[in-house]
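Atom set for the values below is all heavy atoms of this structure, side chains included, hydrogens, waters and symmetry mates excluded.
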Amino acid sequence: MSENKHYDLIGIGIGLFNLSLAALLSKTPDVKFRFFDRKHRFDWHSEIMFADSEMQTSYMKDLVTAADPTNPFSFMNFLVQKGLFYAFLNTGRQTITRREFEMYCQWVSQNMPDHLSFDSDIESVNYDGSKFILTINGETFTATNICIGTGLVPHLPEFAEALEGPDVFHAKSSYLKLLDATNKDVVVVGGGQTGLEIFRNCLQGKWGNPKSLKLIASRPNLEPLDNSPFVNEYFTPAYVKEFLQLGQDQKDPIVKYQKLASDGNTPEYLETLYRELYQLKHVWGDKREIEILPFRRVTEMAKIGDRYKLHIQNGFNGQSETAAADAVVLSTGFRVNIPALIDPLRPMINFDQDGRFQMNQDFQVSWNGSENNKIFALNFSRHGHGISEPQTSLMAWRSARIINNLTKKSIFPIEKTVPNFITYI
């Protein structure tokens with residue numbers, strides 16, 4: 001095997017989290033690394049990128065700053081290099097739009113051409129007892145270690161699987177760009193951030209003016225994201241350290257309880273939407289049927305002619321309801337997906353009783369291969385590391401933990417964090 005095709009670490013996928021790892025590795029001496037992705041370039045949920053899509057975390061929680069504020073791939077340096085620093089400060093914002101964050105990440109990816117390879121289809125991943133063997137675009141590469149960063153996949157509810165197409169689709173789908181809502185009855189299912197953004201943009205006529213518009217949400221109300229200071233302690237290394245000490249039977253209900261710490265709508269967004277609805281209905285007298293239907297679950301959906309009939313269970317009164325639609329947009333979240341390309345490694349990997357990776361504190365997957373060959377995985381351990389795992393809040397810290405583990409050196413001072421004000425354990 002040619003030495004120039006062997007790496008200390010190969011990254012599978014170039015999403016946000018593997019990009020963070022690559023950005024920190026760029027300043028890590030003596031680590032030869034390369035990451036691959038089949039996409040043409042870096043993008044971040046481009047299908048659901050709207051003008052009003054905002055980050056829910058501070059821009060200081062970028063790819064690198066929390067671990068290494070001197071890294072040239074910080075958001076602040078992006079602003080300086082683009083000549084935007086002073087103009088950005090004049091906006092007076094604490095958070096930025098998701099499009100701005102994507103632009104920043106694209107800038108980072110464009111400045112690491114020797115380490116990031118797009119248009120690269122990883123066909124298989126095997127292991128020979130001393131190294132990983134990857135077939136990529138018909139070529140063979142080897143690695144001492146790998147990091148899986150393939151991201152989540154859209155969750156399509158069972159009731160919609162047989163009906164998926166241009167009129168019934170998940171929000172993160174190419175179908176969204178083709179949506180024509182003009183004079184149609186449109187139903188949005190899902191009351192999280194994306195569901196509300198689609199509802200609001202549809203209300204504003206982004207895809208044409210609908211005849212009627214409904215938002216069906218399983219939660220009892222359009223509940224706000226809880227980003228108060230003490231709740232935000234969940235998104236700190238100190239909390240993760242304590243959470244890791246709990247048994248799995250304790251962890252799962254805690255993560256479920258903390259849902260609104262990471263999966264809600266900002267109070268500011270809810271206020272803006274409410275004001276727009278007030279103006280639309282009570283000032284301008286819009287007569288269309290515009291409804292928000294909380295605490296309801298769609299249980300069944302059928303196609304009747306060119307339209308769709310939704311059967312709905314009302315959680316308030318236990319009654320069954322129906323709704324008719326010409327188009328149904330499903331903002332029903334995402335699920336963890338262990339990529340099929342690592343199937344040859346599965347017999348050696350240790351899973352828990354629910355089929356999830358067993359992982360240590362450094363995001364290393366437990367497996368029966370040589371201790372000299374490690375599998376790291378990003379965004380696969382909410383059950384193990386807690387509510388912060390799918391979020392951007394701790395991605396730089398997580399990347400630093402992986403690099404310190406990989407190099408067996410304290411390259412990043414990740415242990416120098418003060419304790420939380422709350423003692424959980």
Side-chain angles (χ1 to χ4, degrees), residues 15-17 43-57 95-102 105 151-157 159-160 164 166-179 181 186-207 210 213-227 258-274 276-277 290-298 301 310 325 327-337 379 382 387 389-393:
L16 192 62
F17 295 152
D43 69 57
W44 189 42
H45 299 307
S46 57
E47 301 93 338
I48 48 177
M49 190 76 70
F50 308 116
D52 60 346
S53 299
E54 292 195 343
M55 297 287 292
Q56 295 184 336
T57 56
T95 57
I96 60 175
T97 62
R98 293 212 303 269
R99 174 56 184 143
E100 287 172 285
F101 201 78
E102 182 185 54
C105 292
L152 306 178
V153 296
H155 169 64
L156 196 69
F159 65 77
E164 184 181 14
D167 299 320
V168 177
F169 53 85
H170 193 278
K172 186 176 167 57
S173 163
S174 58
Y175 289 125
L176 185 61
K177 291 183 179 180
L178 304 175
L179 175 63
V186 178
V187 171
V188 179
V189 179
Q193 181 183 7
T194 299
L196 234 63
E197 288 175 354
I198 290 175
F199 179 80
R200 184 186 179 200
N201 278 270
C202 195
L203 191 67
Q204 295 172 344
K206 178 178 178 62
W207 300 284
L213 180 61
K214 290 182 175 67
L215 176 70
I216 300 174
S218 61
R219 302 174 191 183
N221 206 336
L222 299 185
E223 297 171 329
L225 181 78
D226 189 346
N227 59 0
Q258 293 173 342
K259 184 178 180 70
L260 286 174
S262 67
D263 185 14
N265 303 285
T266 63
E268 296 81 8
Y269 196 89
L270 292 172
E271 288 173 3
T272 299
L273 175 61
Y274 194 94
E276 290 178 356
L277 288 168
I290 299 170
E291 292 185 293
I292 295 174
L293 306 171
F295 210 19
R296 289 166 171 85
R297 286 191 177 276
V298 179
M301 187 163 60
L310 290 80
V328 181
V329 184
L330 301 157
S331 301
T332 45
F334 300 85
R335 60 179 175 82
V336 172
N337 179 58
N379 202 0
R382 187 170 69 166
I387 196 69
E389 176 64 352
Q391 309 301 317
T392 61
S393 297

Parallel, tilted or perpendicular: which fits the ring planes of Y175 and F169, with parallel below 30° and perpendicular above 60°?
tilted
Measure the spacing between CG of L156 and CD of E164 and express it to the nearest 0.5 Å.
5.0 Å
Do P157 and L330 have side-chain heavy atoms sitting under 4.5 Å apart?
yes
Just do the side chain to side chain contact (heavy atoms under 4.5 Å, CB included) check on Y269 and L222 with the steps written out, would you?
CA-CA 11 Å; Y269 196 89; L222 299 185; over 6 Å; no
Would you check if the side chain of Q193 reaches a backbone N or O of E54 as a donor-acceptor pair within less than 3.5 Å?
yes
Spacing of L203 atom CG and I290 atom CD1 [to the nearest 0.5 Å]:
5.0 Å
For C202 and L213, the nearest pair of non-hydrogen atoms, with its separation, is SG-CD1, 3.9 Å
Among D43, T97, L16, whose side-chain contact (heavy atoms from CB on, under 4.5 Å) with E102 holds?
D43
CE of M55 to OG1 of T95, rounded to nearest 0.5 Å, is 9.0 Å
For the backbone of H155 and the side chain of T332, can you confirm whether one donor and one acceptor N or O come within less than 3.5 Å of each other?
yes
After noting the C-alpha distance and the side-chain angles of R200 and F50, does the key distance pass the side chain to side chain contact (heavy atoms under 4.5 Å, CB included) rule?
CA-CA 10 Å; R200 184 186 179 200; F50 308 116; over 6 Å; no
Between the side chain of R98 and the main-chain N/O of W44, is any donor-acceptor distance below 3.5 Å?
no
Looking at every heavy atom in both P390 and N379, which two are closest together, and how far apart are they?
CA-OD1, 3.2 Å
Closest contact, heavy atoms only, G195 versus L215:
O-CD1, 4.0 Å
Stepwise side chain to side chain contact (heavy atoms under 4.5 Å, CB included) test for F199 and V329:
CA-CA 9 Å; F199 179 80; V329 184; over 6 Å; no
Keeping N201 on the side-chain end and E197 on the backbone end, is there a donor-acceptor pair under 3.5 Å?
yes
Main-chain N/O of P294 paired to R296 side chain as donor or acceptor, under 3.5 Å
yes
Rounding to 0.5 Å, atoms CZ (F159) and CZ (R297) come to a distance of 10.0 Å
State the NE2-OG distance between H170 and S331, to the nearest 0.5 angstrom.
7.0 Å
Tightest non-hydrogen contact, residues Q56 and S262, listed as OE1-O, 4.0 Å
Kindly give the heavy-atom pair with the smallest separation between A171 and L176, and that separation in Å.
O-CD2, 3.6 Å
Can R219 and D263 be said to form a side chain to side chain contact (heavy atoms under 4.5 Å, CB included), step by step?
CA-CA 11 Å; R219 302 174 191 183; D263 185 14; 2.8 Å; yes
What one should report as the nearest heavy-atom pair of L225 and G264 is CD1-N, 3.7 Å
Under 3.5 Å, side chain of N265 to main-chain N/O of G191, donor-acceptor pair present?
yes
Is the shortest heavy-atom distance from the side chain of T57 to the side chain of Q391 under 4.5 Å?
no
From CD (E100) to OG (S53), nearest 0.5 Å:
11.5 Å
